[in-house]
2 protein chains.
Amino acid sequence: MATSRQPGNEDTAARTLDVAERLVQLRGYNGFSYADIAAELGISKASLHYHFPGKAELGEAVIGRYASRFADALVEIDRRGAEAPAKLDAYARIYADVLTDRRMCLCGMLAADYDTLPESMRRAVIGFFDDNEAWLTGVLEQGRDEGALHLSGSASEAAQAIVSGLEGALLVARPYGDVARFQAAARRLLESVVGAAPRTGASSG
Amino acid sequence: MATSRQPGNEDTAARTLDVAERLVQLRGYNGFSYADIAAELGISKASLHYHFPGKAELGEAVIGRYASRFADALVEIDRRGAEAPAKLDAYARIYADVLTDRRMCLCGMLAADYDTLPESMRRAVIGFFDDNEAWLTGVLEQGRDEGALHLSGSASEAAQAIVSGLEGALLVARPYGDVARFQAAARRLLESVVGAAPRTGASSG
DNA sequence: GTCTATAACGAGATAGAC
DNA sequence: GTCTATCTCGTTATAGAC
């Protein structure tokens, strides 16, 4: 596709989503404005409204793309065909990567902002957690059936504990600017689900 | 003290803190305004500025009172002189109570807003977590020494996992409006620290 | 698809009367 | 301590030219 794309220039809509996504993760839905994005991209606020009529539509698009990318990452983990403990480790790794440039998980941040979100964004946040928990539930059931891990309680309950545990570990580690704090909490969390201690995938701990 | 206090009328500063605290817990630091508080109290914005010159000072006062009340609750748990597992259960109960009227923990919410907070508020948020983890570390060491629980890893690392685990459980349970979801995650979390299953203190299942 | 200009509103904050 | 009035600025959004 020989479009008019210049070196390093995605189209404006995608670059807008890049900046908006980062700002939501850093400052929350009520902590940034169209002016912030426009300044960073070097375009006018009016141009942003051409691509995303209102902040609600922008927010929906940001969540949609983020959730889609997250889902792709889960598919990729499945494709590699590892055992359940390694899958859980790879899952936690996605969260750790978010933290490396001091971001919060997008949907964890939006969970905090939940009461102030437009309805369409609320549904998307809930959907993100539901999808994650469904995938984790499958992995945990796989691991239980293969004997690779022993669950206390149901797989879906354990999945919920993993999601909320990782979100909380991000939430608290971020003010400290301390990735090791996240890693320690994540390792404990997975060890409470997995029988044997899993490799953590990161050498920073 | 026969002040001019009418029935049900705390002084304005205290009532302002009540409303501001609830709004921060529900909507975040950037999700409410002086106008919101003034409308709810039936006074003018200017009157609020008399008691709290700026939003930063109001925010500091809100955290200060919250952290002080939280610290009092920990002292009260110690005063009852129970064993470590019961103390942990009582600690989790404080978090569960926050959720019952759909609030987030104040400092969990402010941890999400961290990048947008004035410096004095940032220090107070960190201090809140530090104090909680210090208290929990003491309880866990007590429990280990009494043989009431067996820790994997250090007491302070376990304390950090408990704080972040409970904060995350609140964060994720709140969009679902589901207290049981918090309770299940909290129970699993404490069971991963305490050897025997502790009583949860709540009958909600 | 991007711009300038501006509307319409809300935010945090101050002055000064009562 | 509380009020009205006002200021200044930021935010979301639209109109219409290029």
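A note on names: the letters A, B, ... follow the listed sequences, proteins ahead of strands, and every chain is numbered from 1.
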For residues 109-116 of chain B, which side-chain donor-acceptor pairs fall under 3.5 Å, sequence neighbours excluded?
| unit_1 | atom_1 | unit_2 | atom_2 | d |
| --- | --- | --- | --- | --- |
| D113(B) | OD2 | Y29(B) | N | 2.8 |
| T116(B) | OG1 | N30(B) | ND2 | 2.9 |
| T116(B) | OG1 | D113(B) | O | 2.8 |

Compile the donor-acceptor pairs under 3.5 Å between side chains in residues 162-170 of chain A and protein atoms, sequence neighbours left out, one pair per line.
| unit_1 | atom_1 | unit_2 | atom_2 | d |
| --- | --- | --- | --- | --- |
| S164(A) | OG | Q160(A) | O | 3.2 |
| S164(A) | OG | A161(A) | O | 3.4 |

If you define the side chain from C-beta out and look only at heavy atoms, does anything of L88(B) sit under 4.5 Å from L136(B)?
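SC-SC contact between L88(B) and L136(B) confirmed.
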
Check whether any side-chain heavy atom of Y91(B) sits under 4.5 Å from a side-chain heavy atom of N132(B), and report yes or no.
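The answer is yes, as the side chains (C-beta and beyond) meet within the 4.5 Å cut-off.
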
Decide, yes or no, whether a salt bridge links R93(B) with D97(B) under the criterion of side-chain N to carboxylate O below 4.0 Å.
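Looking at D97(B) together with R93(B), the answer is yes, because their closest N to O distance falls below 4.0 Å.
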
Strand contacts (DNA chain C) in residues 40-50 of chain B, 4.0 angstrom heavy-atom criterion
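Heavy-atom contacts with DNA chain C come from K45(B), A46(B), H49(B).
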
Check each residue of residues 29-38 of chain B for a non-hydrogen atom within less than 4.0 Å of any atom in DNA chain C, then write out the ones that pass by number, or none.
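DNA chain C contact set from residues 29-38 of chain B: F32(B), S33(B), Y34(B), A35(B).
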
Could you list the residues that satisfy salt bridge (Lys or Arg N to Asp or Glu O under 4.0 Å) with R181(B), not counting sequence neighbours?
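Partners of R181(B) under the salt bridge (Lys or Arg N to Asp or Glu O under 4.0 Å) test: E133(A).
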
Sequence neighbours excluded, which residues qualify as salt bridge (Lys or Arg N to Asp or Glu O under 4.0 Å) partners of R69(A)?
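Applying salt bridge (Lys or Arg N to Asp or Glu O under 4.0 Å) to R69(A) gives E21(A).
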
Give me the residues of residues 19-26 of chain A where at least one heavy atom lies under 4.0 Å from an atom of DNA chain D, by number, or none.
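Result for residues 19-26 of chain A: none.
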
Can you list, pair by pair, the side-chain donor-acceptor contacts under 3.5 Å of residues 71-81 of chain B, counting residues two or more places apart and other chains?
| unit_1 | atom_1 | unit_2 | atom_2 | d |
| --- | --- | --- | --- | --- |
| E76(B) | OE1 | R79(B) | NE | 3.0 |
| E76(B) | OE2 | R79(B) | NH2 | 3.0 |
| D78(B) | OD1 | K87(B) | NZ | 3.2 |
| D78(B) | OD1 | W135(B) | NE1 | 3.4 |
| D78(B) | OD2 | W135(B) | NE1 | 2.9 |

Start and end of the DNA chain C segment that chain B contacts, any atom under 4.0 Å from a heavy atom
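Extent of the interface on DNA chain C: dA11(C) to dA15(C).
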
Full working for side chain to side chain contact (heavy atoms under 4.5 Å, CB included) between L106(B) and V125(B):
CA-CA 9 Å; L106(B) 182 88; V125(B) 169; over 6 Å; no

Could you pull out all residues at least two apart from [X] that satisfy side chain to side chain donor-acceptor pair (under 3.5 Å)?
X	value
Y66(A)	none
R27(B)	none
S44(B)	S47(B)

